[in-house]
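Report on the structure given below.
Heavy-atom basis, side chains included; hydrogens, waters and symmetry copies ignored.
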Amino acid sequence: MKTDDAFPEPIGGFTVGRTQMDVDYTASDHSKRELTAFVYYPSDSSEGKTTSTYMFPEVYEMLNEQPLVTEYLKKKDFFSIDIKTQCYDDLALSEKENRYPVLFYVCGGGGSPEWGTVICTDLASIGYVVVSIGHQNSTMYKRKDGRLFNVSKDFSDVMMAFSEDPEMMAFSSKMEMRPDDETAIDMCRNVLTLPILNQLMKYSELQSEDVRYVADYLYKLDSGEVNSIFKDRLLLDIGIGIVGHSYGGPTAAIVCRDDDRFACGIGLDSGAFGLIDSDLKKPFLLLFSEPNYNMNAIIGANNSMETYYFSVDRVAHLDYCDIVFTSVNEELRGERNAMEMRHLVTDYTKNFFDHYLLQMDASVESLAYDGVDLIKKTSNK
């Protein structure tokens with residue numbers, strides 16, 4: 001049963017604007033990518049507008065068509081889109097600062113770019129411009145031009161094959177809670193060398209290309225090559241940050257590894273698909289529920305910059321996105337209060353980006369939440 005009628009008030013002092021833009025390009029595999037992106041940004045006034053629609057009903061209905069979740073949804077309610085947002089469509093960009101730093105948010109596989117509305121709104125309210133992309137084949141979305149894109153059958157089949165792979169299931173049964181580093185790294189390497197991962201990694205690589213292309217597009221917006229409210233207003237020379245939930249986490253890490261414009265990244269309850277021998281060369285933070293350390297330990301083992309591992313107890317996988325507020329099924333939720341979980345995720349994300357992008361005196365290690373433990377901080381310089 002849904003208990004929240006509105007998302008929480010943003011943590012910062014800015015009113016939050018949201019705009020949508022469609023972006024098309026040809027990827028390295030020669031496929032045509034038809035994307036959409038929601039951009040959340042600081043504004044000075046709501047201009048008397050009503051709040052943005054959370055998710056288009058047509059997108060929500062597409063969830064019932066996804067092979068991955070159809071059988072589950074036939075038996076149980078999942079989440080509601082009947083909730084008030086705290087952002088407003090197409091406001092003016094705030095005049096309080098000359099330029100604003102940029103972040104990307106990557107939702108989980110099978111999800112929607114709107115699933116990060118709470119964290120994107122929070123970050124925009126403190127002065128960040130935050131971009132959330134609809135990735136073709138691996139997420140569901142409605143473009144500004146009105147066309148609908150659902151998760152492809154191929155992506156669903158690969159995800160299902162991975163979850164049902166006998167070797168993967170055998171590894172899962174052996175994953176320890178709080179394993180020692182050597183055990184976790186060995187387990188992670190075993191998972192990442194499974195043959196089924198080759199197909200799954202293809203979509204992570206494409207998602208990372210999407211992010212990098214949209215980053216290119218932001219440079220065009222800032223230069224004025226493409227007309228927008230962001231001309232001469234994006235603070236790009238300090239680097240860009242990126243955060244991804246679930247399947248979006250490996251995308252965030254791949255982008256950090258491959259694109260020097262990205263300065264740091266975060267994975268929320270995510271794995272290390274495609275990263276078996278990768279030095280990200282960027283600060284990276286992993287906030288997760290055990291036994292997930294078994295799925296991402298290889299990142300810190302290879303990264304030459306700081307890697308933080310924070311374990312969070314009493315939470316479920318979907319608590320790291322908007323479903324912490326929109327869920328109508330208690331089985332999907334962990335034990336933490338929704339508002340506490342929101343503050344937890346936002347605080348770690350904010351402090352990390354404030355420190356590594358803005359060079360502020362902010363620290364993730366200074367945060368204190370019951371049941372959130374720093375397992376490890378590594379740097380292989």
Side-chain angles (χ1 to χ4, degrees), residues 23 25 27-28 33 35 37-41 99-107 113 116 119-120 123-124 127-133 135 201 203-223 230 233-268 270-275 277-287 296 298-300 302-308 348-360 362 364 378-381:
V23 181
Y25 79 103
S28 60
R33 303 285 286 176
L35 316 176
F38 290 94
V39 185
Y40 303 78
Y41 55 90
R99 291 181 179 269
Y100 293 96
V102 175
L103 305 173
F104 277 77
Y105 174 84
V106 188
C107 71
I119 191 170
C120 291
L123 294 168
Y128 286 98
V129 171
V130 191
V131 183
S132 182
I133 302 173
H135 298 278
M201 284 155 42
Y203 294 96
S204 295
E205 295 284 355
L206 283 171
Q207 288 194 168
S208 72
E209 284 193 50
D210 293 345
V211 172
R212 297 173 68 188
Y213 185 83
V214 174
D216 293 342
Y217 192 75
L218 292 183
Y219 278 81
K220 294 178 180 178
L221 298 182
D222 184 64
S223 71
F230 301 109
R233 303 300 304 281
L234 301 179
L235 187 58
L236 296 166
D237 59 357
I238 64 170
I240 303 169
I242 183 168
V243 54
H245 172 232
S246 188
Y247 189 71
T251 298
I254 290 169
V255 168
C256 285
R257 180 193 68 191
D258 295 343
D259 194 325
D260 287 340
R261 295 173 300 180
F262 286 78
C264 52
I266 296 174
L268 301 175
S270 60
F273 306 137
L275 298 162
D277 293 314
S278 297
D279 180 358
L280 303 188
K281 300 178 182 178
K282 311 286 173 61
F284 206 80
L285 181 147
L286 292 137
L287 195 68
N296 57 44
I298 203 83
I299 294 176
N302 293 330
N303 194 10
S304 57
M305 295 295 285
E306 295 91 350
T307 308
Y308 300 84
Y348 278 91
T349 302
K350 172 188 179 298
N351 278 25
F352 183 79
F353 289 134
D354 282 354
H355 178 74
Y356 285 105
L357 277 184
L358 303 184
Q359 307 303 310
M360 294 173 61
V364 291
T378 65
S379 176
N380 300 313
K381 288 183 180 180

Please check: side-chain N/O of [X] versus main-chain N/O of [Y], any donor-acceptor pairing under 3.5 Å?
X: Glu209; Y: Ser28; value: yes
X: Ser132; Y: Pro113; value: yes
X: Lys282; Y: Ala263; value: no
X: Thr307; Y: Asn303; value: no
X: His245; Y: Cys107; value: no

Quick check: closest heavy atoms across [X] and [Y], and the distance to 0.1 Å?
X: Ala362; Y: Asn351; answer: CB-O, 3.7 Å
X: Ile240; Y: Ala215; answer: CD1-CB, 4.4 Å
X: Met360; Y: His355; answer: O-ND1, 3.4 Å
X: Gly271; Y: Pro250; answer: O-CG, 3.6 Å
X: Leu206; Y: Tyr25; answer: O-OH, 3.9 Å
X: Leu286; Y: Ser270; answer: CD2-OG, 3.9 Å

How about [X] and [Y]: do any of their side-chain heavy atoms sit closer than 4.5 Å?
X: Val106; Y: Ile133; answer: no
X: Leu357; Y: Cys264; answer: yes
X: Val130; Y: Phe104; answer: no
X: Val211; Y: Thr251; answer: yes
X: Tyr219; Y: Leu234; answer: no
X: Leu280; Y: Leu275; answer: yes

Original post:
Passes ring pair (Phe, Tyr, Trp, His ring centres under 6.0 Å), Tyr203 versus Tyr247? Steps please.
Top reply: CA-CA 10 Å; Tyr203 294 96; Tyr247 189 71; 7.6 Å; no
Output the distance between atom [atom1] ([X]) and atom [atom2] ([Y]), rounded to the nearest 0.5 Å.
X: Leu285; Y: Tyr356; atom1: CG; atom2: OH; result: 9.0 Å
X: Phe273; Y: Asn296; atom1: CZ; atom2: CG; result: 10.0 Å
X: Leu35; Y: Gln207; atom1: CG; atom2: CD; result: 10.0 Å
X: Asn302; Y: Lys281; atom1: CG; atom2: NZ; result: 12.0 Å

**OP:** Could you list the residues that satisfy salt bridge (charged side-chain N to carboxylate O under 4.0 Å, His left out) with Asp237, not counting sequence neighbours?
**Re:**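 None.
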Subject >> With Asp259 via salt bridge (charged side-chain N to carboxylate O under 4.0 Å, His left out) - residues at least two apart >> reply: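 Checked Asp259 against salt bridge (charged side-chain N to carboxylate O under 4.0 Å, His left out); matches are Arg212, Arg261.
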**OP:** I would like to know whether Ser304 and Asp279 meet side-chain hydrogen bond (donor to acceptor under 3.5 Å, both in side chains); could you show each step before the answer?
**Re:** CA-CA 6 Å; Ser304 57; Asp279 180 358; 3.0 Å; yes
Subject >> Within the 6.0 Å centroid threshold, strictly below: Tyr213 and Tyr217 >> reply: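 No; Tyr217 has its ring centre 6.0 Å or more from that of Tyr213.
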Subject >> Identified side chain to side chain contact (heavy atoms under 4.5 Å, CB included) partner of Val102 from the options Leu235, Ile242, Leu236 >> reply: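 Checked Leu235, Ile242, Leu236 against Val102; only one passes side chain to side chain contact (heavy atoms under 4.5 Å, CB included): Leu236.
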**OP:** State which residue, out of Phe353, Tyr41, Tyr100, Tyr40, fulfils the side chain to side chain contact (heavy atoms under 4.5 Å, CB included) condition with Tyr128.
**Re:**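 Between Tyr128 and the candidates, side chain to side chain contact (heavy atoms under 4.5 Å, CB included) is satisfied uniquely by Phe353.
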Subject >> Lys/Arg N to Asp/Glu carboxylate O, Arg33 vs Asp210, below 4.0 Å >> reply: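 So Arg33 pairs with Asp210 through a salt bridge.
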Original post:
Less than 4.0 Å between a side-chain N and a carboxylate O, is that true for Arg99 and Asp222?
Top reply: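 Yes, charged N to carboxylate O under 4.0 Å.
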**OP:** Would you sort out whether Tyr348 and Phe352 count as a ring pair (Phe, Tyr, Trp, His ring centres under 6.0 Å), showing the intermediate values?
**Re:** CA-CA 6 Å; Tyr348 278 91; Phe352 183 79; over 10 Å; no
Original post:
Going through the checks in order, is the side chain to side chain contact (heavy atoms under 4.5 Å, CB included) test met by Val39 and Phe230?
Top reply: CA-CA 11 Å; Val39 185; Phe230 301 109; 3.8 Å; yes
Subject >> CA sep, side-chain torsions, deciding dist, call: Val129, Leu103, side chain to side chain contact (heavy atoms under 4.5 Å, CB included) >> reply: CA-CA 6 Å; Val129 171; Leu103 305 173; over 6 Å; no
**OP:** Tell me, with the steps shown, if Val255 and Ser208 meet side chain to side chain contact (heavy atoms under 4.5 Å, CB included).
**Re:** CA-CA 5 Å; Val255 168; Ser208 72; 3.7 Å; yes
